[in-house]
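As C-alpha cells, the structure follows; a few thoughts come after it.
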Amino acid sequence: MRSAAVWRHYELLFLMEREVRVRFAPSPTGPLHIGGVRTALYNYLLARKLGGKMLLRIEDTDQNRFVPGAEQYIQDSLAWCGIELDESPWKGGPHAPYRQSERKPMYMQYALQLIDSGHAYYAFDTPEELDAMRARLTAAKVPNPQYNAITRSQMRNSTTLPEDEVKQLLDAGTPYVIRLKVPRKEEIRFNDLIRGWVVVHSSAVDDKVLMKSDGMPTYHLANIVDDHLMEITHVIRGEEWLPSAPLHVLLYRYLGWESTMPQFAHLPLLLKPDGTGKLSKRDGDRLGFPVFPLEWHGTDAETGAPTVSSGYRESGYLPDAFINFLAFLGWNPGTQQELFSMDELIEAFSIDRVSKSPARFDQHKVRWYNEQYLRAKPNAELAQYLLDALHEHGVDCTREKAEQIASVMKERVTFPQDFWQEAQYFFQAPESYDEQVISKKWNAATANALAAFARELPTAAPSTPDEIKALLTQVLEREGVKLGQVMQALRVAITGAAAGPDLMETMHILGNEDISQRILTAVERLSTRATA
RNA sequence: GGUCCGUUCGUCUAGGGGUUAGGACUGCAGAUUUUCAUUCUGCCAACAGGGGUUCGAUUCCCCUACGGACUACCA
C-alpha cells in the first residue's frame, strides 16, 4: 500500500542523503512521441521539485536503428516543451560523454567483472543454434523457450566448454556474447514507487545478453552501468520496462551496487486514442491529430519515400497548454485546479500521485487547454500571430489594429492561426454574402435603412463602438425599423458571414469609411440581384 | 502460451468500509448576447462480474473476466 506520508518520507531521506538525479534516456531511432515527452516531463518535475538534477543520455547502443536527425529532434522537442536539462550530450556535464556509443570503452570491464565473479559467461552460439534451441523447446511444448539455467547447459558457452577451449575460441577471435547467469530459483523483489512491491521469480528471467558480438553493450548492461556512474537516484520510465526491472535489480546486486540502486517508478502507458495497445510512433496522422511534439520529416521504412508527421507545435498548440495536458495524463494534484504553469506543476508534483492505470488521449481536452492558454495571453502577443500571418500574405496592418482584432477574436479561436483565418474580412470587403441570412433577413426596408445609415456615417463620424450604435439606433428609429431586424443583414453586408464578434466593435475597427462603403456595395449588389 | 501490470461516468480523474460517489473535457438543454463563440446555470453519465471478511463493501482479500506490457546479440 502506498501512503503519501511514507513516500514523502522516502523523498526526504533521499534529499538528505544525496542529491536527486534523474535521467531521460531515449534512443535516437525516430521522433520522440508524446509518451516519451511525458516521461521526460515527470523526470523533470521530480528533479526540480526535489532540487535535484535532470540529465539526458542518448541510448544508441544499437547502431542498426540509428536514424539521422532523431537526436536533434529530441533536443528541439524538449526545448520547445520547456524541459530544461542540467546535463546532456549537447551541454556536457560532470559525467560526459552522454552518448552510450561514445562510452563504449567503459562497459566491457563491468561485463568482465561479472564473469570473474561467476555471474556472467561467454556464449558462442550462432543465431542458427539459438533458433534451433528455441525450435526444439517449442516442439517439446516448453511454455517459454529461453536461454536460462536449464538450457544453458546444452549450449556452447563457458559454463559447458572446457576452460582451454574457451580460451582458444576467444584467442581465435570467434564471435561471442556475454550473458548474465541468472540463478535458477530465486525471488527477485523491488519496491516500485508507483506500484509497490513487485515480485518476480528468477525462472521467468532469461540469461540476457549483456555484451553483443559487435562489442557494444545491450541496453540492460549499459543503462545499469551508466545510471550507477551518473549517480542516478530515481529511474522513472515507461511500464514497458517493468518486466526487465528484476533483471536490472540482479545486475545492481552482482555488480555490488545494490546499496545505491536507484528507486524505480514505472509510469502507466499512454494508450492509442482509438483501439487498444500502447501508443506507437506509427499511429501518427492516422488518428487525425498529432502524436509528436514537433513535425517530423522521415522516410517510409519499406518504400523509402519521404513522410511527414504532424506536430503539436506546427498545429498551433502552445507548449504550456501541451505540457499542462500531458502532465494530467497519469497524474493529478488531488485538487480541483486544472490549469498549471510549469512552475506550478513543479510545486504540485509528487510521484505518489501518479496513477497506476494507463491513460488514453482526449483530443477535445488538449484543444480546451489550448483555448485557455491562448485567452490568457495579452492582446499584444496575440496580435503578433496575426501580424506574422499578415506579413506572410503581404497584407499591411498597424499593430494597433491587429491588437484590436486580437482582442475581439480571442474568445473564439483555438489556435493562433485561427486569427488570420477568421479575420479575413477585416482586410478585405466580402465578395459573397451568406445566403441563408440574405434570404431570410434582407428586404427593401432593411436595405433602405442600412443605406441611410451608411450615408450618414462619414458626416456623423462616430468614434467609438457606442457612438456607432447610437447613430445606428437613431437612423433606424427614423426609418421605422427595429434594431433586431437589421443586425444580421448589417453583419452580412459588412463581413459576408452570419457569425462573428460583436458587430459594433467590428465596425469600429474597420472605420467609418470602410463600413459605409461596404454597406452601399452590399445594398447595390443585393438589390440588383433581387430584381434580376 | 508464460511472466508481470492494470480495471470508478464516453475520456482524464478525485475519493474511500456507512458519501446524494466529487471535479474537468465532451455531449445535451436553458439563460445572456445583434449572430456564432464566450460566459453562466442545469442535465445525461461510472465503482467489470462472482465469492468472501464485515452490522455494513464501490473501498480490504480471493477468484473470474477483460485490457495491456513484456517474452531479440531492439531500446
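Of all the residues in residues 488-501 of chain A, A/Q488, A/R491, A/A498, A/A499, A/G500, A/P501 reach under 4.0 Å from RNA chain B with at least one non-hydrogen atom.
Straight-line distance from the CD atom of A/Q336 to the P atom of B/A21: 17 Å, rounded to whole Å.
Using a 4.0 Å heavy-atom distance criterion, A/R375 is classed as a sugar-phosphate-only contact. Residue contacts shown for A/F361 are limited to sugar-phosphate atoms, with no base heavy atom under 4.0 Å away. Within the 4.0 angstrom heavy-atom criterion, only backbone atoms of the sugar-phosphate kind lie near A/V199; the bases stay farther away.
Applying the salt bridge (Lys or Arg N to Asp or Glu O under 4.0 Å) criterion to A/R184, with sequence neighbours excluded, gives no partner residue. Residues that satisfy the salt bridge (Lys or Arg N to Asp or Glu O under 4.0 Å) test with A/R367, not counting sequence neighbours, are absent from this structure.
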Just the table, please: protein N/O against nucleotides 13-16 of chain B N/O, every pair under 3.5 Å.
residue : atom : partner : partner atom : Å
B/U13   : OP1  : A/G330  : N            : 2.7
B/U13   : O3'  : A/N332  : ND2          : 2.7
B/A14   : OP1  : A/N332  : ND2          : 2.7
B/A14   : O3'  : A/R353  : NH2          : 3.2
B/G15   : OP1  : A/R353  : NH1          : 3.4
B/G15   : OP1  : A/R353  : NH2          : 3.3

Give me, pair by pair, the N or O atoms of the protein and of nucleotides 25-32 of chain B that are less than 3.5 Å apart, along with how far apart they are.
residue : atom : partner : partner atom : Å
B/C25   : OP1  : A/W368  : NE1          : 3.4
B/C25   : O2'  : A/K365  : N            : 3.4

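Between A/F361 and A/F289, the angle of the ring planes lies from 30° to 60°, which puts this pair in the tilted group. Taking the six-membered ring where tryptophan is involved, the planes of A/F415 and A/Y317 are perpendicular, since the angle between them exceeds 60° and thus also 30°.
Atom CD of A/Q363 has more than 12 neighbouring heavy atoms from other residues, nucleotides or ligands inside a 6.0 Å radius.
With respect to A/Q100, the side-chain hydrogen bond (donor to acceptor under 3.5 Å, both in side chains) criterion is satisfied by exactly one of A/D226, A/D62, A/N223: A/D226.
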* Asked: What one-letter contact string describes nucleotides 69-75 of chain B from 5' to 3', where B marks a base within less than 4.0 Å of any protein heavy atom, S marks contact via sugar-phosphate atoms alone, and - marks no contact?
  -> SSS-BBB
